[in-house]
Amino acid sequence: MPVKIATWNVNSLKVRLPQVLDWLATEEPDVLALQETKLTDDNFPELDIQAAGYHAVYSGQKTYNGVAILSRQPADAVLRDVPDFDDPQRRFLAATVAGMRVINLYVVNGQAVDSDKYAYKLAWLKAVGEHLANLCRSSMPLVVLGDFNIAPKDEDVHDPAAWRDRILCSKAERSALAKFTGLGLTDTFRLFPQAEKSFSWWDYRAAAFRRNLGLRIDLILANPSLAAQCTACVIDTGPRKLERPSDHAPVVAEFELWERNGP
DNA sequence: ATGGTGGCGCGGCCA
């Protein structure tokens with residue numbers, strides 16, 4: 001039976017809640033990882049999410065950041081902090097859903113390569129990578145998804161020359177992401193033929209979406225046991241076309257899960 | 001054009 005796992009940076013769940021509820025009703029994902037909810041936990045719209053038929057776990061803060069995992073099946077073993085990394089910013093949320101470990105990341109943006117925020121980004125990625133290295137010792141199905149704020153390769157950038165060595169594209173950021181994939185975590189989008197200039201984020205400014213001046217920075221990574229069962233990964237640009245959209249589009253991966261004994 | 005737009009929250013930060 002197919003399983004749909006999705007990620008969406010909503011840039012304020014308060015503003016985007018109607019779009020999220022519509023999207024859940026239409027797409028019926030089994031898991032939806034949200035980033036930039038920008039809500040404290042006491043303001044999380046739990047009742048609306050429950051009414052839509054989803055469980056929710058979340059780790060929020062005011063104004064910035066905030067992550068959540070919505071799921072058809074209940075989530076347990078919830079982890080809200082990057083292990084061994086002191087971080088007041090709510091960017092990490094892990095939970096187990098129906099036997100699958102789900103790691104939802106809102107990776108630090110980094111602002112500029114010479115900034116303190118960039119150093120924080122690299123330190124954050126290193127700490128997350130160490131946690132993933134531990135998880136990858138297990139054969140349990142593992143999906144690592146979210147807003148990575150890194151375009152993996154030049155093919156994920158509308159104008160690679162203009163973006164070279166800038167944040168989201170710098171060598172150190174791509175190297176940090178390569179450490180994730182080096183653990184055996186596969187970028188599921190690239191398991192399949194895709195249109196050229198496929199992006200998941202477009203700046204609000206300069207009519208970037210209309211001109212398709214974007215980057216692919218929202219990713220769904222899967223460990224070997226799960227990647228072997230991946231049947232599709234697509235970017236849904238539909239919500240980006242709506243009135244008052246997020247600057248990110250949802251990304252959806254499908255898996256044809258077979259029984260533990262094999263296909 | 002070193003800008004542009006959007007969210008939060010009401011001045012300025014962040015993306």
Side-chain angles (χ1 to χ4, degrees), chain A residues 7-23 32-45 48 58-68 82 87-93 104-125 128 145-152 156-170 172-174 176-177 199-219 235-251:
Chain A
T7 179
W8 191 5
N9 179 324
V10 290
N11 185 22
S12 170
L13 183 56
K14 182 179 177 182
V15 172
R16 234 64 68 190
L17 182 62
Q19 292 183 18
V20 170
L21 294 174
D22 284 351
W23 196 81
L32 174 58
L34 301 174
Q35 303 86 36
E36 284 204 89
T37 57
K38 299 186 175 180
L39 287 170
T40 52
D41 289 349
D42 55 318
N43 286 316
F44 193 88
D48 296 286
Y58 36 87
S59 179
Q61 68 179 88
K62 199 161 87 110
T63 311
Y64 302 119
N65 310 312
V67 283
V82 181
D87 187 8
Q89 300 192 18
R90 303 292 82 193
R91 301 178 169 278
F92 176 94
L93 184 61
N104 179 14
L105 303 180
Y106 175 45
V107 175
V108 179
N109 174 284
Q111 196 167 62
V113 292
D114 57 355
S115 69
D116 291 346
K117 294 189 179 74
Y118 183 78
Y120 164 53
K121 180 176 196 170
L122 295 181
W124 193 91
L125 285 164
V128 171
L145 76 174
D147 176 359
F148 281 69
N149 269 319
I150 303 172
D156 303 305
V157 181
H158 69 92
D159 186 346
W163 282 83
R164 190 164 319 282
D165 297 327
R166 290 175 55 194
I167 55 152
L168 316 187
C169 298
S170 73
E173 289 163 84
R174 286 179 170 172
L177 179 60
F199 307 127
S200 66
W201 168 83
W202 303 260
D203 199 300
Y204 282 121
R205 296 165 288 190
F209 180 67
R210 182 178 58 71
R211 300 157 68 199
N212 197 30
L213 306 181
L215 302 180
R216 190 176 69 92
I217 56 177
D218 299 271
L219 310 178
I235 298 167
D236 181 2
T237 56
R240 189 65 177 81
K241 299 170 182 169
L242 299 173
E243 290 293 317
R244 214 175 178 192
S246 169
D247 45 350
H248 295 252
V251 182

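Letters go in sequence order (proteins before strands), and every chain restarts at 1.
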- Which whole number of Å gives the distance between the P atom of dG7(B) and that of dT2(B)? 25 Å
- Item | Candidates dG9(B), dC13(B), dC8(B) - which lies nearest the side chain of Lys62(A) | dG9(B)
- For the residue pair Thr7(A) and Gly146(A), what are the closest heavy atoms and their distance? OG1-CA, 3.2 Å
- For Trp201(A), the option from His248(A), Arg216(A), Arg240(A) that meets side-chain contact (heavy atoms from CB on, under 4.5 Å): His248(A)
- To the side chain of Asn109(A), which of dG7(B), dA15(B), dG9(B) is closest? dA15(B)
- Using the P atom as the reference point in each nucleotide, state the distance between dG12(B) and dA1(B) in Å, no decimals. 28 Å
- Rounded interatomic separation in angstrom, taking CG from Asn9(A) and C1' from dC14(B): 12 Å
- Message: Output the rounded distance in Å from CG (Leu17(A)) to P (dC8(B)).
- Response: 12 Å
- Taking salt bridge (Lys or Arg N to Asp or Glu O under 4.0 Å) as the test, write out the residues that go with Asp147(A), two or more places apart. none
- Task: Using heavy atoms to find the nearest nucleotide of DNA chain B for Arg205(A) and Lys117(A) separately, return the residue whose nucleotide is more 5′.
- Result: Arg205(A)
- Message: What is the distance, to the nearest angstrom, from the CG atom on Asn149(A) to the C1' atom on dC14(B)?
- Response: 12 Å
- Task: Just jot down the side chain to side chain donor-acceptor pair (under 3.5 Å) partners of Tyr64(A), sequence neighbours excluded, or say none.
- Result: none
- Item | Trp201(A) CH2 - dC14(B) C1' separation (whole Å) | 13 Å
- Query: So, is Arg244(A) close to the dG7(B) phosphate, meaning a side-chain N or O under 4.0 Å from OP1 or OP2?
  - Reply: yes
- What residues in residues 158-168 of chain A put a non-hydrogen atom under 4.0 Å from any atom of DNA chain B? none
- Between dG7(B) (C1') and Tyr204(A) (OH): distance, integer Å: 8 Å
- Separation of dC14(B) atom C1' from Tyr120(A) atom OH, nearest Å, is 13 Å
- Query: Rounded to whole angstroms, how far apart are CZ on Arg16(A) and P on dA15(B)?
  - Reply: 16 Å
- Message: Thr37(A): which residues meet the side chain to side chain contact (heavy atoms under 4.5 Å, CB included) condition with it, sequence neighbours left out?
- Response: Leu13(A), Leu34(A), Ala68(A)
- Taking side chain as C-beta onward, heavy atoms only, is Asp87(A) less than 4.5 Å from Phe92(A)? no
- Message: Looking only at the side chain of Thr63(A) (C-beta and beyond, no hydrogens), which of the listed nucleotides dT5(B), dG7(B), dG9(B) gets closest?
- Response: dG9(B)
- Could you list all the salt bridge (Lys or Arg N to Asp or Glu O under 4.0 Å) pairs where at least one residue sits in residues 204-214 of chain A, not counting sequence neighbours? Asp203(A)-Arg205(A)
- Hey, which sits more toward the 5' end of DNA chain B by its nearest nucleotide, Thr37(A) or Tyr64(A)? Thr37(A)
- Message: Categorize Tyr106(A) for me: base, sugar-phosphate, or nothing, with a 4.0 angstrom heavy-atom threshold over every strand shown.
- Response: sugar-phosphate
- Item | Asn149(A) side-chain N/O to Val107(A) backbone N/O, donor-acceptor pair under 3.5 Å | yes
Could I get a table of every N or O pair under 3.5 Å where one atom is in the protein and the other is in nucleotides 1-3 of chain B?
none

- Item | Value in whole Å for how far the C1' atom of dG12(B) lies from CD of Gln111(A) | 13 Å
- Task: Would you check if the side chain of Ser115(A) reaches a backbone N or O of Gly110(A) as a donor-acceptor pair within less than 3.5 Å?
- Result: yes
- Message: Can you confirm whether the side chains of Arg90(A) and Asn65(A) place a donor and an acceptor under 3.5 Å from each other?
- Response: no
- Message: For the P atoms, the ones on dG9(B) and on dA15(B), what distance do you get once it is rounded to whole angstrom?
- Response: 15 Å
- Query: Among the nucleotides dG6(B), dA15(B), dC8(B), which one has an atom lying closest to any side-chain atom of Lys14(A)?
  - Reply: dC8(B)
